[in-house]
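A short worksheet on the structure shown next.
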Amino acid sequence: MDIQSIKLRFGIVGNSPLLDRAITIAAQVAATDLSVLVTGESGVGKEFFPKIIHQMSARKHGTYIAVNCGAIPEGTIDSELFGHEKGSFTGASEARKGYFEVANGGTIFLDEVAELPLATQVRLLRVLESGEFMKVGSSKTLKTNVRIVAATNVNVPDAIAKGKFREDLFYRLNSVPLYIPALRERKEDIEILFRRFAADFADKYRVPVIRLTDDAKELLKNYEWSGNIRQLRNITEQISIIEEKREITAAILEHYLPKPYHSNLPILAGDTKDTHLSERDILYKILFDMKQDINDLKSLVRDILQEDGDIRHIDPSKMAVLGKAYRNFEPSVTYDSEDMSSIIDEPEVIENSFSLEKNEKEIIKKALEKHNGKRKYAAEELGISERTLYRKLKEYDLED
């Protein structure tokens with residue numbers, strides 16, 4: 001089967017050489033039983049490639065199971081994958097088959113495989129090496145013949161260095177590496193994808209198809225697209241629904257494109273491939289931005305003092321601006337003109353309000369509100385796994 005036939009069969013859009021190369025590798029490796037590790041940023045469409053591998057293999061009539069490892073709580077992941085015996089843990093009222101038993105003779109796609117706990121990684125390594133596993137609460141060894149395709153958007157060598165992923169498991173999974181390019185690496189496909197999505201949404205919502213002007217096409221092509229195809233699809237849907245005009249100019253398009261994130265943090269400066277922020281990076285970013293705002297505020301006060309000579313004789317309109325900016329940091333306090341001098345005298349006066357827990361809690365709440373409580377999309381927005389988000393919700397009592 002040629003590349004174009006594969007694209008039509010699996011609904012893949014694009015003509016980028018990098019995309020064609022990934023499809024070619026998937027088709028070539030399908031005939032073998034080698035494990036495949038699919039890598040690439042979130043939103044690039046990694047989920048299509050395990051399906052290609054399965055459907056073009058001798059296992060195509062067997063069971064295909066896709067497992068989101070990051071969405072399953074740590075306490076139940078072993079039971080989900082390997083099954084359990086009755087009474088093996090609280091709530092185990094009956095024996096249950098796991099995915100490796102159900103998919104015997106087929107294919108299992110382990111998405112977000114880097115989110116697996118280390119103990120589960122040991123069990124998975126045994127399956128890869130010998131095809132053997134044991135159910136939770138059992139001492140009986142079972143056999144399975146399953147083809148494993150795994151995917152991750154995590155920098156696995158970095159996770160290995162941090163002790164979060166087993167090196168031997170990585171080499172077992174990575175028998176064939178399959179890299180899926182980011183959208184910014186296949187710019188020639190961006191407009192094609194936009195037209196496809198626009199046509200789909202026009203049909204879905206029974207509205208005329210939106211079209212891009214030349215300047216909008218150029219803007220679309222040169223945008224960063226940190227969320228890749230998923231982000232492009234969401235923006236196309238928003239425009240299709242909201243805009244009354246069907247001809248979309250660059251000025252209109254700009255309203256739907258978030259400003260690209262560029263970190264000023266030293267911790268991220270050397271990592272240009274991984275666009276996802278860890279929890280620590282998010283908090284550092286918040287603190288860094290607040291610190292920068294304080295420095296800008298102090299500079300503004302100094303400029304005004306040099307211009308007006310005495311802070312008590314500052315123009316009222318300027319004082320209003322300063323007061324509003326300062327209250328952004330301490331909203332419960334009102335400052336008069338004499339209090340404002342403390343900005344210079346006590347440059348670190350507000351740092352005692354820097355609560356990491358409070359800031360993290362607020363940013364999680366905002367992410368959930370933005371995505372209407374959908375944890376999967378909120379986790380993607382924050383750059384953390386669903387399991388980590390679930391743990392944070394419990395920790396901060398935000399589950400409701």
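Quick note: numbers below take in every heavy atom, side chains included, and nothing from hydrogens, waters or symmetry partners.
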In terms of hydrophobic clustering (I, L, V, M, F, W, Y; side-chain heavy atoms under 4.5 Å; direct or indirect links), are [X] and [Y] co-clustered?
X      : Y      : value
Leu169 : Val176 : no
Val149 : Phe170 : no
Ile210 : Tyr223 : yes
Leu253 : Phe201 : yes
Leu8   : Phe197 : no

Quick one: does any side-chain atom of [X] pair with a main-chain N or O of [Y] as donor and acceptor, under 3.5 Å?
X      : Y      : answer
Glu243 : Ile248 : no
Arg96  : Ser79  : yes
Lys7   : Asp2   : no
Arg246 : Ser240 : yes
Arg147 : Ile53  : no
Trp225 : Leu220 : yes
Asn153 : Gly40  : no
Thr24  : Asp20  : yes

Verify the distance criterion only: is there a donor paired with an acceptor across the side chains of [X] and [Y] at less than 3.5 Å?
X      : Y      : result
Ser42  : Arg230 : yes
Glu167 : Tyr171 : yes
Asn228 : Glu41  : yes
Gln238 : Asn234 : no
Ser385 : Thr388 : yes
Glu185 : Tyr179 : yes

Phe100 and Phe82 aromatic ring geometry - parallel, tilted or perpendicular at 30°/60° bounds: parallel
Plane angle bin for His54 and Tyr64 - parallel if under 30°, tilted between 30 and 60°, otherwise perpendicular: tilted
Are [X] and [Y] ion-paired here, with the side-chain N under 4.0 Å from a carboxylate O?
X      : Y      : result
Lys135 : Glu101 : yes
Asp200 : Lys204 : no
Lys46  : Asp111 : no
Lys86  : Glu94  : no
Glu369 : Lys366 : no
Glu191 : Lys217 : yes

Note, Glu112 side chain near Thr152 side chain (heavy atom, < 4.5 Å): no
Lys392 and Lys361, any side-chain heavy atoms less than 4.5 Å apart: no
Which atom of Thr213 lies closest to which atom of Glu247, heavy atoms considered: CG2-CG, 3.5 Å
Arg126 atom CZ: more than 12 heavy-atom contacts under 6.0 Å: yes
